[in-house]
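In what follows, a structure is listed as structure tokens, so that the remarks can point back to it.
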There are 2 protein chains.
Amino acid sequence: MKSAALYRAQPRGESPAFQPLYRQIKALITQSLVSGEWRPGEPIPSEIELASRYSVSQGTVRKAVGELAEERVLVRQQGKGTFVATYAGERSQFPFLRINPDAEPMRELTARLLGLERGRDPAAARLLGLSSTATTFLLKRLLMINDRAACYEEIRLPAARFKGLSATVVEQHECMLYSMYEARFGVRMLQAEERVKAVLAPREVAAILHCVPGTPMLLIERVAFTYGQEPSELRRCYCDSQEHHYRNAITG
Amino acid sequence: MKSAALYRAQPRGESPAFQPLYRQIKALITQSLVSGEWRPGEPIPSEIELASRYSVSQGTVRKAVGELAEERVLVRQQGKGTFVATYAGERSQFPFLRINPDAEPMRELTARLLGLERGRDPAAARLLGLSSTATTFLLKRLLMINDRAACYEEIRLPAARFKGLSATVVEQHECMLYSMYEARFGVRMLQAEERVKAVLAPREVAAILHCVPGTPMLLIERVAFTYGQEPSELRRCYCDSQEHHYRNAITG
DNA sequence: GAGTGGTCTAGACCACGGC
DNA sequence: CCGTGGTCTAGACCACTCA
């Protein structure tokens, strides 16, 4: 009746890192996602199938899938099925972007690649959890909001995960990096942490964004994580906040 | 068997804004919170009691309570009961604060009241959803992180909701505003929206924070909401980000 | 030991989507 | 029409807390 690897109910007494059944199911589903058994955009098996596959009730599968849906790893669609979340074909192709225009609505958002290099950067490598001699890519990008230059970004990626990255590849995806990561390299970003500071615009950045050096700017440093909290992208963004702001919603 | 006001299951056909049973229960529970039947820190009735009170199964109550617990309106404690969330007696008395020191850990966080006035401010009143002639309080506050001046804040409150607010009241609560709002005025802040910009420090602010005028600073504007998305606090915070940063976690 | 929330099951019925 | 996810129920057993 039960899979040998699963522990039903709360085992009594000494059980170090016990997880309830639905969490174990959740972990198994995540496993299948990481292994690529079900790829972004594809449907996963129905709840009933999963229930029989793992030898648990539909309710338990529902709870596992429910948590993954809340975390936006999966997407449920009544009448159709449950799908692996994807950035491909979504409305916002810049899902983590927190910059908005002050007055107007956000109409148009485009990016232009300014450069792509490959090299070593010990500090970045360390933040990415790599050895300090690991090679990384460095992308430079300009973000235009409603046809005005808004942000200058420097993005660092571990070369090992992104073998074969080139300017051509980036441009094929119209600079929409997160959907490119997913489609080309199977890396889906799930989560990010940002640190925001106010700085004076360095000369080079001011030149790129067409503002005077010494303009106050937002400096946003981001670490983005894939499945399993693995840091896989580093980003430094200078944003001219004369006509834009960084928006955030705080909940309890 | 059923309360006359509740619609069981999905009623067929024309049903304009239908909500499933557990959402109706959730709304009823929220009602009791707003009305003050159960106050912050107090336990609410057990799931079994609520189930019989609303004539639904325990499972349905669980789902309603579950959502409220996720939103941190309620707090569940196994073996004890379910309680109305409160800021009183919590570790962080500044629950919405996103400012952290760059290098050291956050050891100590204190606030000092610089002033409290009562007056009119049409722009603020409008943002608070009041008539533009409504009176508001204006609090000025200094935030010290690890004994260094970090932020200067201006806080605006609707006078109607905060009748009897005074410097003495604020100081009795050691400047911990959100727990004071709750304890003295029954206003619990659940949610906030912030806009962050980079600006040059105005002279007065620079003087208060002991930095040179023209230092780049974070300007953080916040609207905070109580139960039912009612805007009830406005905040403008200048933060010296030389040794601090604004931190944010982004999830899918 | 009584009462609370937490997990798990089994089964019913529903709304939705597509064949 | 069938299969999907969404809601609701009833009941079992568990772990935790407190008297």
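Convention: sequence-line order gives letters A, B, ...; per-chain numbering from 1.
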Would you call [X] and [Y] a salt bridge, taking side-chain N to carboxylate O under 4.0 Å as the test?
{"X": "B:E47", "Y": "B:R76", "answer": "yes"}
{"X": "B:E221", "Y": "B:R195", "answer": "no"}
{"X": "B:R235", "Y": "B:E194", "answer": "no"}

Open item on the list: So, does A:Y22 get its side chain near the phosphate of C:dC8, meaning an N or O under 4.0 Å from OP1 or OP2?
Closed with: no

Open item on the list: With a 4.0 Å limit, can you tell me whether A:S46 has a side-chain N or O closer than that to the phosphate oxygens OP1/OP2 of D:dT4?
Closed with: yes

Open item on the list: Closest approach to the side chain of B:T60, judged atom by atom: which nucleotide of D:dT9, C:dT4, D:dT7 is it?
Closed with: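 Closest nucleotide to the B:T60 side chain: D:dT9.
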
TODO: Look at the side chain of A:E47 and decide which nucleotide, out of D:dG5, D:dC8, C:dT4, has an atom nearest to it.
DONE: D:dG5

Rounded distance (Å) that lies between atom [atom2] of [N] and atom [atom1] of [X]:
{"X": "B:R23", "N": "C:dA15", "atom1": "CZ", "atom2": "P", "value": "17 Å"}
{"X": "B:Q58", "N": "C:dT7", "atom1": "CD", "atom2": "P", "value": "13 Å"}
{"X": "A:L21", "N": "D:dC14", "atom1": "CG", "atom2": "C1'", "value": "13 Å"}
{"X": "B:K63", "N": "C:dC8", "atom1": "NZ", "atom2": "C1'", "value": "16 Å"}
{"X": "A:Q19", "N": "C:dG6", "atom1": "CD", "atom2": "P", "value": "15 Å"}
{"X": "A:L50", "N": "D:dT4", "atom1": "CG", "atom2": "P", "value": "10 Å"}
{"X": "B:R62", "N": "D:dA10", "atom1": "CZ", "atom2": "P", "value": "16 Å"}
{"X": "A:L68", "N": "D:dG5", "atom1": "CG", "atom2": "C1'", "value": "15 Å"}

Open item on the list: Hydrogens and angles aside, do B:Y246 and A:N248 bring a side-chain donor and acceptor to less than 3.5 Å of each other?
Closed with: yes

Open item on the list: Distance alone, cut at 3.5 Å: any donor-acceptor contact between the side chains of B:T82 and B:Q77?
Closed with: no

Task: 5'-most by nearest nucleotide on DNA chain C - B:I48 or A:V61 - done: B:I48

Task: Atom pair CZ (A:F137) and CD (A:E233), whose distance is rounded to the nearest 0.5 Å - done: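 A:F137 atom CZ to A:E233 atom CD measures 13.5 Å (nearest 0.5 Å).
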
- [ ] Output the residues of residues 73-84 of chain A in contact with DNA chain C, where contact means a heavy atom of the residue under 4.0 Å from an atom of the strand; sort by number or write none.
- [x] A:Q78, A:G79, A:K80

Task: Under 3.5 Å donor-acceptor, A:T30 side chain and A:K26 backbone - done: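 Yes; judged by distance alone, with no hydrogens or angles, the pair exists.
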
